[in-house]
Each structure stands twice: as structure tokens, then as C-alpha cells.
Amino acid sequence: MAKITKLDDIVSLCKRRGFIFQSSEIYGGLASCYDYGPLGVELKSNVRSAWWKAVVKMRDDVVGLDCSILMHPMVWKASGHTDQFADLVAECKKCNTRTRVDHLKEKVAEQAEEHTEHIAIDAALAKAQDLSNKVCPNCGTVGQFTEPMPFKLMFETRMGANVDDSMTLYLRPETAQGIFANFRNVLDTTRVKIPFGIAQIGKSFRNEVTTKAFIFRTREFEQAELEFFCEPGTDDHWYEHWKEARFNWYTDLGLKKENLRFRVHDADELAHYAKACVDVEYRFPFGSGDWQELEGIANRTDFDLRQHQRGMRTLNKWFENDRNLTKIELAEEAENYQSGPLSYFDDEQKKRYIPYVIEPSAGIDRSALAFLVDAYDEEEVRGEKRNLLRFHPALAPVKVAVFPLVKKDGMPEIAQNIYNDLKKYFTCFYDQKGAVGRRYRRQDEAGTPFCLTVDGQTKEDNTVTVRERDSMEQVRISTDQLLSHLREKLDM
RNA sequence: GCGGGCGUAGCUCAGUGGUAGAGCGUCACGUUGCCAACGUGAAUGUCGUGAGUUCAAAUCUCAUCGCCCGCUCCA
């Protein structure tokens with residue numbers, strides 16, 4: 001069995017082989033930001049493609065979308081993010097521990113909401129005025145807190161080169177809202193019928209209070225999100241469907257089952273919009289071997305579409321209040337909201353309704369990290385340590401490496417030809433330098449599933465050896481059957 | 001944000017006040033016919049950054065940036 005991998009081992013492998021670098025390293029680095037190197041960009045792109053293939057291409061009921069990161073500020077007003085995507089935190093003067101104000105307990109009552117949803121800043125401020133009776137959960141000191149301070153979890157930027165009439169925009173904290181905002185567009189142009197989903201992969205930004213563990217939690221990150229729209233009443237069925245589908249996606253791509261599990265959110269842990277939520281968790285080698293979320297699958301009900309209908313009814317106030325979101329109150333919901341502009345007309349049942357939404361929301365970066373960690377292995381071969389990444393072929397940055405056994409006797413030329421031919425079909429790598437054993441090991445550490453070697457026999461019978469990464473076994477394959485052989489083995 | 005640890009070559013690390021090192025890796029040439037072989041040669045450092053102390057700082061002090069671990073936090 002593989003030994004316990006430490007995060008540090010993964011970090012140095014990533015640097016050494018060009019998977020992941022610290023951002024802005026030549027300037028001392030920028031906290032929690034990372035860059036993907038030549039191998040990393042292939043890996044990450046393969047993770048994306050595998051998700052897209054499973055969630056969009058292989059299904060008849062999901063279409064894709066790619067929204068802009070910057071959106072109309074009213075989107076975030078309607079979704080609740082501008083009001084609610086902020087925490088009030090107070091710091092204990094005694095021990096300097098910061099705690100969310102709504103998690104503080106009264107000295108006497110000993111009661112606090114364990115896992116409360118975030119509430120509007122104004123309301124929270126009013127509610128949190130009096131901390132004199134609150135107890136610091138860390139040191140037990142009563143009432144020694146700083147003024148509650150709001151943490152803005154959305155990044156702000158300005159649109160418009162002219163400072164005077166530029167407007168504040170937010171970098172999206174999730175890709176989901178772009179999908180809801182385009183729900184009508186997709187309905188009107190693509191002949192989709194409920195149940196159907198809209199999928200999107202893209203960057204999101206959250207000004208997290210704390211980042212964590214390499215690329216696991218970063219402030220800039222990539223999400224793969226699906227909003228699956230279904231008729232109310234069928235939502236539980238689709239929730240179960242996507243739970244299963246998403247869990248299997250990870251195991252199909254090689255994550256070991258024993259490192260993967262579901263964690264169901266308790267009722268008091270649910271976000272304000274969610275009826276149910278479950279996390280797919282992976283046992284990462286940081287923390288104390290902690291289970292950490294890879295993906296959340298939530299039943300978002302009809303919350304978002306209804307909120308955007310309210311937002312659309314509020315647009316006039318946006319102009320009346322000089323584009324100042326904090327002055328705007330979201331319009332009440334229309335009485336006949338079920339037939340509002342974001343409703344769906346079911347032709348068979350002849351009725352209109354706001355669909356329910358099942359949302360599997362995965363982190364591409366943390367998935368890539370999980371695949372890296374899970375694939376990492378060290379083993380002993382003839383007294384030497386062999387490091388390798390046992391990537392699923394679909395995820396391997398390089399699929400096939402091509403070598404001449406030695407660089408003479410015309411072998412490099414033949415190998416070059418094979419390489420030039422194969423690279424039209426797979427990501428390939430050519431190498432003729434040094435001993436062939438060393439080249440094999442280098443590819444092992446990059447996770448390349450197959451190495452082809454042109455040797456003396458090649459000129460006689462047109463066969464090459466195909467060496468498999470995990471077993472190190474070799475078979476001779478005729479060059480004219482190489483492509484089909486590799487295609488079958490790589491499942492491509 | 002708090003506490004602890006750390007930051008020296010691409011990686012792992014040695015160097016505790018006196019001209020910057022090792023192993024691995026990388027590159028070149030030779031050799032080599034299947035698993036990190038061998039020989040010869042070579043390149044590579046803002047000692048994280050900035051200030052201070054000192055005749056002299058990788059080394060001592062302060063600040064700052066970054067990483068790891070533990071808290072806290074994570075709609």
C-alpha cells in the first residue's frame with residue numbers, strides 16, 4: 001500500500017516537475033495564489049474536459065454556457081450576495097481570537113445559533129451592538145471584544161476608465177448566478193425542456209478570511225457548476241441522481257473509494273436557499289488527514305429564479321438610487337410569481353411554474369489536487385525508489401512518450417516519425433537524451449501512461465516496445481497498429 | 001487574525017559573525033541496446049525582501065512577504 005503522503009511531498013513534486021508554482025514567486029509570492037506550469041495546465045485542462053464530457057457531452061439533457069465574470073451589480077443584490085456575503089467578526093482583546101459575532105454565546109444563557117446563515121450587515125450590526133455579555137470561545141473572557149467588523153467576501157473593482165462615473169462591480173463569487181441570469185436566454189434559444197441542466201466552468205473569487213493548504217482553498221479558484229432545472233416534486237429524485245453521478249465521476253477517474261465519502265449537511269447547517277445539501281469529501285493529506293469538501297450538491301429549490309424575478313422588478317430603483325446598492329431594497333415578490341418572466345411553461349401539463357434547481361458545484365483546483373495526491377506513489381524497484389503518478393489516462397498530462405533506445409543507427413529518425421504521427425491524436429513527448437531507464441522514470445513522475453521505444457528490432461520488423469507505467473511491463477506492437485492499440489488502452 | 005515552525009542552487013538540506021556548500025536533478029561530449037548505469041566537463045544563488053547592529057551579517061536585532069502545522073474561520 002502507498003505510504004502516507006504529506007502535502008509537502010506533493011508541493012515539491014509540483015514545483016520540481018512543473019505542475020504548480022507559487023504566483024509572483026520572483027517578488028516573494030502572493031498569498032494563496034498559484035500558477036499552473038506546463039504539466040499542471042495539461043492536468044487541469046484534462047480535469048475540466050473530463051467534467052465537461054461527463055456532465056455536458058455525454059448527456060442529452062445538459063447544455064453548456066460561459067458567462068462573463070463581471071455582471072450587473074443587481075445580480076448580486078438579487079442573489080443576496082451583496083447583503084449577505086459578509087460576516088461580522090469581533091476580536092477578543094485578551095487572546096486576539098476572532099469569532100463570528102453570531103456564533104458568540106451569552107454568558108448566562110449559553111445559547112447561540114450553532115451554524116447560522118449569514119444575515120444582512122445592517123441587521124447584524126444592530127443585533128450585535130451589545131457584546132458585553134458574550135463569552136470568548138477561546139479563553140472564556142467575557143465582554144472584552146473589539147467593535148464588530150464586517151468582512152467583505154466579494155472582491156470589488158471599478159468599471160469605467162473615468163473615475164468620476166465609474167461604477168463598482170464585483171468579481172463573481174460563484175458561477176451559478178450567471179446561469180440563472182441566462183436561464184431565459186437558454187430556454188428561448190435551445191429548445192430544451194425540463195428537466196434539463198446548464199453547465200459552466202470558470203473562475204470565481206472569494207475574499208476568504210483564511211485560505212488553506214496549497215491550492216485547496218484559494219481566493220481565486222475555478223468552479224465547475226451545473227444548475228439542473230426540474231419540476232418541483234421531482235427535485236428529490238434528481239438530487240439523488242446527481243449525488244450518485246457525481247460521486248461516480250471521481251471514482252471512475254481513479255480516486256480510491258476509501259478516500260471518498262459523502263457528508264450530509266445537517267438542517268441547521270444549510271444555507272438559506274437550500275433544502276438539502278451533501279458534500280463529496282476527499283481525505284486530503286493535510287490537517288490531521290482531514291476529510292475536506294471536493295464538491296457540494298445542493299437542492300437550491302426555486303430560490304434563485306424567484307430572487308431574480310424580484311431583482312428584475314427592482315431595476316427602476318437601481319437608477320432612482322444613483323446605482324447605490326445599499327440604498328435599494330429588493331421589491332416584494334409578485335403574487336403570481338409562478339408565471340413570472342423566469343418561469344417555465346410545461347407544454348404537456350399546460351402549466352407554468354418556477355423550476356427547482358439541483359446544483360452540483362465542484363472545485364476544479366481542489367479536484368486536480370485530489371487527483372494528484374491520490375495518484376502519487378512511491379515504490380521500491382531493484383533497491384531504488386520509484387516515484388510515480390498513477391493518473392487515469394484521461395487525466396495524464398502526457399499520454400505517450402516516444403524514445404529511441406539509443407541515439408544512433410537511425411533510431412531517432414524512426415522515433416521522430418512515430419512521434420510526429422501520434423501527436424496529432426494524443427499529447428505526446430519525445431526524448432532521446434541519456435539512458436532509456438532514466439527517461440522511463442522521468443515519465444513515471446509525470447504520470448505518462450505509456451512509453452514507446454524504438455530499438456534495433458524496429459528496422460527489421462516494424463515493431464516497437466510499449467511500456468506501461470504502472471506495471472513497467474513491455475509488449476511489442478507493430479507500428480501500423482500503434483494508434484489503435486494506444487487508443488484502446490487510453491480509451492480515447 | 002492568533003500561536004508554533006520554517007525560508008540558503010530546480011528539489012532535499014548542511015553551513016550560528018570572517019570570501020556560499022553537498023547530494024540529487026539539469027546541460028554538453030563520450031560511452032551505452034530496456035528501467036534513475038558509467039566517464040569527463042559545465043552551468044546555476046538578490047542566502048525571501050528591507051532596515052539596523054558590526055571593521056565584517058546567510059549567521060545577531062527589528063520589520064515585512066511567503067509557506068507548513070495548530071487554532072479561528074469556511075453563505
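Chain letters run A, B, ... following the sequence lines, proteins first and then strands; every chain starts at 1. Computed from a predicted structure; not experimentally measured.
Which of B/C68, B/C67, B/A75 sits closest to the side chain of A/Leu7 comes down to B/C68.
As judged by a 4.0 angstrom heavy-atom cut-off over every strand, A/Ala213 is placed among residues touching the sugar-phosphate backbone only. Residue-level contact check: A/Ser32 touches the backbone only, with heavy atoms under 4.0 Å from sugar-phosphate atoms and none from bases.
A salt bridge links A/Arg263 with A/Glu281: at least one charged nitrogen is closer than 4.0 Å to a carboxylate oxygen. Under 4.0 Å is where a charged nitrogen must lie from a carboxylate oxygen, and between A/Asp431 and A/Arg439 no such pair does.
If you measure from atom CD of A/Gln292 to atom P of B/C73, you get 14 Å, rounded to the nearest angstrom. The CG atom of A/Asp9 sits 11 Å away from the C1' atom of B/U12 (whole-angstrom rounding). With rounding to whole Å, A/Ile20 atom CD1 is found 19 Å from B/G66 atom P. For A/Phe284 and B/C68, the CZ to P distance is 14 Å, given to the nearest whole Å. Atom CD1 in A/Ile215 sits about 11 Å away from atom P in B/C68, given to the nearest Å. Atom pair A/Glu208:CD and B/U72:P shows a separation of 17 Å (rounding to whole Å applied). One can place CZ of A/Phe21 at 16 Å from C1' of B/C67, the figure rounded to the nearest angstrom. Per the geometry, CD1 belonging to A/Ile10 stands 16 Å off P belonging to B/C11, to the nearest Å.
Across all strands shown, B/G1 is found opposite B/C71 as a Watson-Crick or G-U wobble partner, with both distances under 3.5 Å. A 3.5 Å limit on both hydrogen-bonding distances identifies no Watson-Crick or G-U partner for B/A14. Nucleotide B/G45 forms no Watson-Crick or G-U wobble pair with any nucleotide shown, as no partner meets the under 3.5 Å limit on both distances. In a base pair of the Watson-Crick type (N1 to N3 plus N6-O4 or O6-N4) or a G-U wobble (N1-O2 and O6-N3), with each distance short of 3.5 Å, B/U54 is matched with no nucleotide. Across all strands shown, B/C65 is found opposite B/G7 as a Watson-Crick or G-U wobble partner, with both distances under 3.5 Å. In this structure, B/U32 makes no Watson-Crick or G-U wobble pair, since no nucleotide meets both defining distances under 3.5 angstrom.
Aromatic ring orientation, A/Phe247 versus A/Phe262: tilted (interplanar angle from 30° to 60°). Using cut-offs of 30° and 60° for the angle between ring planes, the A/Phe403 and A/Tyr440 rings count as tilted. Between A/Phe214 and A/Tyr34, the two ring planes are perpendicular [angle over 60°; tilted spans 30° to 60°]. Ring planes of A/Trp238 and A/Phe228: tilted class, angle from 30 to 60°. Taking the six-membered ring for Trp and thresholds of 30 and 60 degrees, A/Phe284 and A/Phe216 have ring planes more than 60 degrees apart, a perpendicular arrangement.
No side-chain donor-acceptor contact under 3.5 Å links A/Tyr27 and A/Glu25.
For the pair A/Arg246 and A/Tyr250, the cation sits on the ring face: its NZ or CZ lies under 6.0 Å from the ring centre, inside 45° of the axis.
The glycosidic torsion of B/G33 lies within 90° of 0, placing the base in the syn range.
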Distances under 3.5 Å only, N/O to N/O: pair up the protein atoms with those of nucleotides 42-47 of chain B.
{"from": "B/U46", "atom 1": "O4", "to": "A/Ile26", "atom 2": "O", "distance (Å)": "3.1"}

What nitrogen or oxygen pairs link the protein and nucleotides 61-64 of chain B at under 3.5 Å?
none

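Within the 3.5 Å criterion, the main-chain N or O of A/Asp266 finds a donor-acceptor partner in the side chain of A/Glu269. Remark: the backbone N or O of A/Leu342 is paired with a side-chain donor or acceptor of A/Gln309 at under 3.5 angstrom.
Taking atom C1' on both nucleotides, B/C68 is separated from B/C55 by 39 Å, rounded to a whole Å. The C1' atoms of B/U26 and B/A36 are separated by 14 Å, rounded to the nearest whole Å. For B/A14 and B/C73, the C1' atoms lie 39 Å apart once the distance is rounded to whole Å. Between B/G50 and B/U16, the two C1' atoms lie 22 Å apart (nearest whole Å). For B/U72 and B/A58, the P atoms lie 41 Å apart once the distance is rounded to whole Å. Taking atom C1' in both B/G5 and B/A43, the straight-line distance is 34 Å, to the nearest Å. Nucleotides B/G1 and B/C24 are separated by 40 Å at their C1' atoms, to the nearest Å. The gap from the C1' atom of B/C34 to that of B/U44 amounts to 32 Å, rounded to the nearest Å.
Listed by chain and residue number, nothing satisfies the side-chain hydrogen bond (donor to acceptor under 3.5 Å, both in side chains) test with A/Ser32 (two or more places apart in sequence, or in another chain).
A salt bridge (charged side-chain N to carboxylate O under 4.0 Å, His left out) check over residues 362-371 of chain A, counting only residues at least two apart or in different chains, returns the pairs A/Lys44-A/Asp365.
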Practice problem: Any chance you could list the contact pattern along nucleotides 25-36 of chain B? Use B for base contacts, S for sugar-phosphate-only contacts and - for none, protein heavy atoms under 4.0 Å, 5' to 3'. | Solution: SS-S---BBBBB
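Rounding to the nearest 0.5 Å gives a distance of 5.5 Å between OG1 of A/Thr301 and OH of A/Tyr356.
With respect to A/Asp304, the side-chain hydrogen bond (donor to acceptor under 3.5 Å, both in side chains) criterion is satisfied by exactly one of A/Arg300, A/His308, A/Arg306: A/Arg300. If you run salt bridge (charged side-chain N to carboxylate O under 4.0 Å, His left out) between A/Arg386 and each of A/Glu380, A/Glu379, A/Glu378, only A/Glu379 comes through.
A heavy atom lying under 4.0 Å from RNA chain B marks none of the residues of residues 298-309 of chain A.
Neither OP1 nor OP2 of B/G10 sits under 4.0 Å from any side-chain N or O of A/Lys15.
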